[in-house]
Amino acid sequence: MKIKIKGLGEFQLNPGLPLKTLIPEIKKITSQLPIGFKHNHEYIDWHYSFNEKDLENLELEPIFSSNKEALIFLRHTASHVLAQAVKELFPEAKLGIGPPTEEGFYYDIYYKKPFDEEDLKKIEEKVKEIIKKNLSLERREISKEEARRLFERLKEDFKLELIEELPNSKVSIYSQENFVDLCKGPHLLSTGEIKAVKLLSVAGAYWRGDERNPMLWRIYGTAFFSKEELKEYLERLEEIKRRDHRKLGKELELFTIEEDIGPGLVIWLPKGAIIRNIIENFWKEVHLKRGYQLVYTPHIALKDLWKVSGHLDFYAENMFPSMELENRAYQLKPMNCPFHIYVYNQKRRSYKEFPIRYCELGTVYRFERSGVLHGLLRVRGFTQDDAHIFCREDQLEEELIQVLDLVIYFLKIFGFSEYKIFLSTRPEKFVGSPEIWDKAELALKKALEDKGLEYEIDPGEGVFYGPKIDLKIKDVLGRFWQCSTIQVDFNIPERFDIVYIGEDNKFHRPIMIHRALLGSLERFLGVLIENYAGAFPFWIAPVQIKILTITDRTINYGEKVAEIFKKEGFRVETDFRNEKLNYKIRIAQQEKVPYMIILGDKEEQNQVISVRTRRGKVINDLKIEEFINQIKTENQPEYLLNESS
RNA sequence: GCCGGCGUAGCUCAGAGGUAGAGCACCCGAUUCGUAAUCGGGAGUGCAUGGGUUCGAAUCCCAUCGCCGGCUCCA
């Protein structure tokens with residue numbers, strides 16, 4: 001039978017024989033063997049064999065080591081090597097699952113005691129030994145019955161559980177040396193193809209992610225086709241550590257989370273608060289321009305409000321418990337929506353008024369389990385850049401498009417031009433009828449398609465009152481963060497029975513869109529800190545200019561210059577201390593101040609300034625007005641947008 | 001919440017049963033020095049909190065709180 005390989009031609013392959021029997025033949029054509037293949041979105045490795053029926057019209061797409069997908073083969077095999085190493089060192093260990101991931105691979109393994117650093121070291125050595133032996137892998141398809149017997153003999157309880165859930169009557173197993181694992185592949189030809197591997201950490205993980213199940217030990221590692229790539233990856237990890245917003249937040253005095261105040265509760269220090277203030281002002285300005293109306297609402301409300309809204313039925317586990325006063329129960333707000341309903345309800349609404357857009361930087365409190373808190377990215381009190389849009393059904397799509405437009409505008413301003421978009425559909429616990437949900441989901445879909453945005457469906461991940469679009473933004477290091485969310489809601493308007501008078505003089509129910517563009521200011525600022533590595537663009541830098549004197553003689557001139565810049569509205573600090581210039585530059589550099597103005601006798605004589613940027617560029621003898629003009633443009637939020645386009 | 005690790009001056013960290021230390025920051029003094037750390041001096045912590053073991057605990061044990069890495073969950 002013939003088999004086609006894209007770009008390499010046709011080959012004679014006998015049914016039942018693995019692809020790797022073709023290697024001598026293929027080597028005649030190319031010196032570079034593919035790592036594996038792809039067919040109809042499925043990965044196929046050299047160990048696959050086909051029957052006659054499979055082979056009809058089969059054309060494989062080769063995957064070479066330069067292709068990102070080749071890493072899946074590599075890392076999957078690396079995880080098997082890891083499992084083999086653990087089994088050799090700890091024969092009683094029981095294997096869970098061991099898949100490749102975005103960045104590497106892991107294997108979940110049950111053992112009577114946790115693996116510590118020492119164990120990890122030993123395991124890594126063993127892994128390297130196994131790689132060095134360059135063991136060939138084998139793939140076999142066996143019946144479920146046979147698999148059951150095999151893994152019973154091996155006492156692999158978790159594998160037995162997996163076998164029972166596999167849909168086909170046959171399952172595949174991969175082996176190397178005396179190690180065998182239930183696995184659908186794909187894998188490398190042999191362990192020696194793993195050129196660089198490193199085990200990174202161990203952590204507990206529930207079997208199948210369910211907290212009712214026993215806990216296994218998850219060993220994380222990563223692997224590459226070359227040592228250089230591994231080195232690059234490890235350097236990237238270092239870079240991530242350097243950019244950690246918790247570390248930078250402390251160093252740059254942006255915010256603090258104090259044990260005495262409470263976990264997940266943020267204090268904005270002056271330097272962080274000014275950034276937040278600048279962003280908030282910009283945000284308000286843009287919203288007012290785009291037809292939103294600004295409102296303010298309280299932080300607590302009577303418990304009954306949350307009964308009506310459905311939060312107490314569907315969201316209670318995320319809410320702080322209520323407090324009683326004068327026989328009435330109050331509730332700290334986890335969302336702003338019910339309040340905006342009351343803004344809407346201030347008067348009888350006409351169809352002519354729509355769309356009505358209320359926005360608020362609303363601070364909400366949500367109870368998050370202690371183990372999930374993480375710096376600014378996951379907190380218990382946060383301020384959403386929230387808005388609720390009330391509109392008619394015929395306006396829904398247009399409004400959604402405008403919201404998408406606005407969110408893309410905001411993200412661009414902050415340097416985020418890439419994102420992943422998810423459409424989250426109806427969850428298990430929901431309010432309203434399935435028909436209404438379908439309608440809402442369709443509206444979101446249409447808006448995305450109108451804008452030509454690609455998206456993935458996230459089944460069952462909607463909020464209890466409606467489906468949503470989430471945007472995950474990609475930062476400079478290629479990591480994704482969820483910030484923006486756009487939600488359609490047909491339900492809460494119904495629960496609060498809000499209406500408007502239509503053209504037909506009858507009551508109608510408006511539709512509500514909930515949306516947060518930056519998400520929460522806390523999380524967004526956390527992401528911003530990491531994205532800019534603390535070196536904020538000029539318009540949001542807490543200190544924009546630092547004035548450094550060379551000797552005490554120029555302090556007077558320094559004060560004069562500082563005054564000029566302050567009067568122009570720039571955020572200026574001075575360092576007139578009796579220290580060497582080098583020292584002052586070093587400090588300003590560490591504070592990541594965009595511009596240092598350096599003043600000595602020469603500058604004073606000519607009434608000019610010397611400027612040093614935080615990137616080390618020096619411009620001597622600048623006229624003050626000239627520099628002011630330059631930084632005035634740079635002080636605009638849209639400055640970077642225009643620069644890059 | 002669960003699993004593992006950690007918790008020493010404002011910050012970064014050393015000390016691992018014999019009574020607490022370094023660098024930076026801070027205060028004082030000298031120096032007035034042109035693009036990433038000038039020199040000298042001084043003050044400051046009783047080791048997250050509570051309990052226990054011991055002649056003696058920052059060091060060992062237990063509990064609580066918090067943080068870190070994961071699991072689960074989310075803006």
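Treat the numbers as computed from the prediction; the structure is a model and nothing was measured. Residue numbering restarts at 1 for every chain, and letters A, B, ... go by the order of the sequence lines.
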Q.
Taking only the P atom of each, what is the distance from B:rC28 to B:rC11 in whole angstrom?
A. 22 Å
Q: Look at the side chain of A:Thr551 and decide which nucleotide, out of B:rG69, B:rU32, B:rC74, has an atom nearest to it.
A: B:rU32
Q. Nearest of B:rG1, B:rG34, B:rC73 to any side-chain atom of A:Glu211?
A. B:rG1
Q.
I want to verify a distance call: between B:rC33, B:rA36, B:rG69, whose nearest atom is closest to the A:Arg553 side chain?
A. B:rC33
Q. Roughly how many Å is it from CG in A:Asp260 to P in B:rG7, rounded to a whole number?
A. 19 Å
Q: May I ask you to verify whether the side chain of A:Tyr206 and the base of B:rG1 hold a donor-acceptor pair under 3.5 Å?
A: yes
Q) Once the angle between the rings of A:Tyr220 and A:Tyr106 is folded into 0 to 90°, is it parallel (under 30°), tilted (30 to 60°) or perpendicular (over 60°)? A) tilted
Q.
Using 30° and 60° as the class boundaries, would you call the ring planes of A:Phe320 and A:Phe367 parallel, tilted or perpendicular?
A. perpendicular
Q.
If you only use heavy atoms from C-beta on, which nucleotide in B:rA36, B:rA75, B:rC11 is closest to the side chain of A:Lys250?
A. B:rC11
Could you go through residues 588-602 of chain A and list every donor-acceptor pair under 3.5 Å that involves a side-chain atom there, pairing it with any protein atom two or more places apart or in another chain?
| from | atom 1 | to | atom 2 | distance (Å) |
| --- | --- | --- | --- | --- |
| A:Gln589 | NE2 | A:Arg614 | O | 2.3 |
| A:Glu591 | OE1 | A:Lys546 | NZ | 2.6 |
| A:Glu591 | OE2 | A:Lys546 | NZ | 3.4 |
| A:Tyr595 | OH | A:Glu634 | OE1 | 2.6 |
| A:Tyr595 | OH | A:Glu634 | OE2 | 3.3 |
| A:Asp601 | OD1 | A:Arg553 | NE | 3.4 |
| A:Asp601 | OD2 | A:Arg553 | NE | 3.3 |
| A:Asp601 | OD2 | A:Arg553 | NH2 | 2.6 |

Q.
Distance check needed: B:rC74 C1' versus A:Glu368 CD, whole Å only.
A. 6 Å
Q: Please state how far atom CG in A:Leu581 lies from atom P in B:rU32, giving the value in whole angstrom units.
A: 16 Å
Q: Using the closest heavy atom to pick a nucleotide of RNA chain B for each, name whichever of A:Gly371 or A:Asp210 lands nearer the 5' end.
A: A:Gly371
Q) Does the separation of the ring centres of A:Phe410 and A:His287 fall below 6.0 angstrom? A) yes
Where do N or O atoms of nucleotides 39-43 of chain B meet protein N or O atoms at under 3.5 Å, pair by pair?
none

(Q) Say we look at B:rA14 and B:rC71: how far apart would their P atoms be, to the nearest angstrom? (A) 27 Å
(Q) For A:Gln630, give me all partners under side-chain hydrogen bond (donor to acceptor under 3.5 Å, both in side chains), at least two apart in sequence or on another chain. (A) none
**Q.** Whole-angstrom distance between B:rG21 and B:rA16, as gauged at atom P
**A.** 14 Å
Q) Any side-chain hydrogen bond (donor to acceptor under 3.5 Å, both in side chains) pairs touching residues 518-527 of chain A, not counting sequence neighbours? A) A:Arg276-A:Glu522
Q) Sequence neighbours excluded, which residues qualify as side-chain hydrogen bond (donor to acceptor under 3.5 Å, both in side chains) partners of A:Thr554? A) none
Under 3.5 Å, sequence neighbours excluded: what are the donor-acceptor pairs made by side chains of residues 468-477 of chain A?
| from | atom 1 | to | atom 2 | distance (Å) |
| --- | --- | --- | --- | --- |
| A:Lys468 | NZ | A:Asp470 | OD2 | 3.0 |
| A:Asp470 | OD1 | A:Gln482 | NE2 | 3.3 |
| A:Asp470 | OD1 | A:Thr485 | OG1 | 2.8 |
| A:Asp470 | OD2 | A:Gln482 | NE2 | 3.4 |
| A:Lys474 | NZ | A:Glu418 | OE1 | 3.4 |
| A:Asp475 | OD1 | A:Leu477 | N | 2.9 |
| A:Asp475 | OD1 | A:Gly478 | N | 3.1 |
| A:Asp475 | OD1 | A:Arg479 | N | 2.9 |
| A:Asp475 | OD2 | A:Arg479 | NE | 3.1 |
| A:Asp475 | OD2 | A:Arg479 | NH2 | 2.8 |
| A:Asp475 | OD2 | A:Trp481 | NE1 | 3.1 |

Q) How far does the C1' atom of B:rC61 sit from the matching atom of B:rG1, given to the nearest Å? A) 26 Å
(Q) As a test of reading the structure: which of B:rG70, B:rA75, B:rG34 is closest to the side chain of A:Val379, going by heavy atoms? (A) B:rA75
**Q.** Where the chi angle of B:rG46 falls, syn if within 90° of 0 and anti if not
**A.** syn
Q: With sequence neighbours excluded, give me every salt bridge (Lys or Arg N to Asp or Glu O under 4.0 Å) pair touching residues 363-374 of chain A.
A: A:Glu211-A:Arg369, A:Glu368-A:Arg378
Q: Would you mind telling me which of B:rC3, B:rC73, B:rC2 lies closest to the side-chain atoms of A:Val372?
A: B:rC73
Q: Counting heavy atoms from C-beta on, name the nucleotide in B:rG34, B:rU32, B:rC71 closest to the side chain of A:Asp552.
A: B:rU32
Q.
So, does A:Arg378 get its side chain near the phosphate of B:rC67, meaning an N or O under 4.0 Å from OP1 or OP2?
A. no
Q) Thinking salt bridges, do A:Glu239 and A:Arg243 make one under a 4.0 Å N-O criterion? A) yes
Q.
Using the side-chain heavy atoms of A:Ser201, tell me which of these nucleotides is nearest: B:rC3, B:rC71, B:rG69.
A. B:rG69
Q | Side-chain-base donor-acceptor pair under 3.5 Å for A:Arg523 and B:rC74 | A | yes
**Q.** Check: A:Phe414 ring centroid to A:Phe524 ring centroid under 6.0 Å
**A.** yes
Please list every donor-acceptor pair under 3.5 Å in which a side-chain atom of residues 247-255 of chain A meets a protein atom from a residue at least two apart or in another chain.
| from | atom 1 | to | atom 2 | distance (Å) |
| --- | --- | --- | --- | --- |
| A:Lys247 | NZ | A:Glu251 | OE2 | 3.3 |

Q) Are A:Phe464 and A:Phe430 close enough that their ring centers fall under 6.0 Å? A) no
Q) In chain order, what residues pass the side-chain hydrogen bond (donor to acceptor under 3.5 Å, both in side chains) check against A:Asn606, with sequence neighbours excluded? A) none
(Q) Roughly how many Å apart are B:rA58 and B:rU54, using the C1' atom of each and rounding to a whole number? (A) 15 Å
Shorter than 3.5 Å, N or O on both sides, protein versus nucleotides 23-29 of chain B: list them out with atom names.
| from | atom 1 | to | atom 2 | distance (Å) |
| --- | --- | --- | --- | --- |
| B:rA25 | OP1 | A:Tyr583 | OH | 2.5 |

Every protein N/O within reach of nucleotides 62-66 of chain B N/O, cut-off under 3.5 Å:
| from | atom 1 | to | atom 2 | distance (Å) |
| --- | --- | --- | --- | --- |
| B:rG66 | O4' | A:Glu259 | OE2 | 3.3 |

Q. Mind checking the C1' distance from B:rG40 to B:rU53? Whole angstroms is fine.
A. 47 Å
**Q.** B:rU72 and B:rC3, which share atom name C1', separated by this distance in whole Å
**A.** 12 Å
Q) So, A:Glu461 versus A:Thr425: side-chain donor-acceptor pair below 3.5 Å or not? A) no
Q.
If you take any heavy atom closer than 4.0 Å to RNA chain B, which residues from residues 596-618 of chain A end up in contact?
A. A:Ile598, A:Gly600, A:Asp601, A:Lys602, A:Glu603, A:Ser610, A:Arg612, A:Val618
Q.
Heavy atoms from C-beta onward define the side chain here; which of B:rG1, B:rA75, B:rG34 lies closest to that of A:Ile550?
A. B:rG34
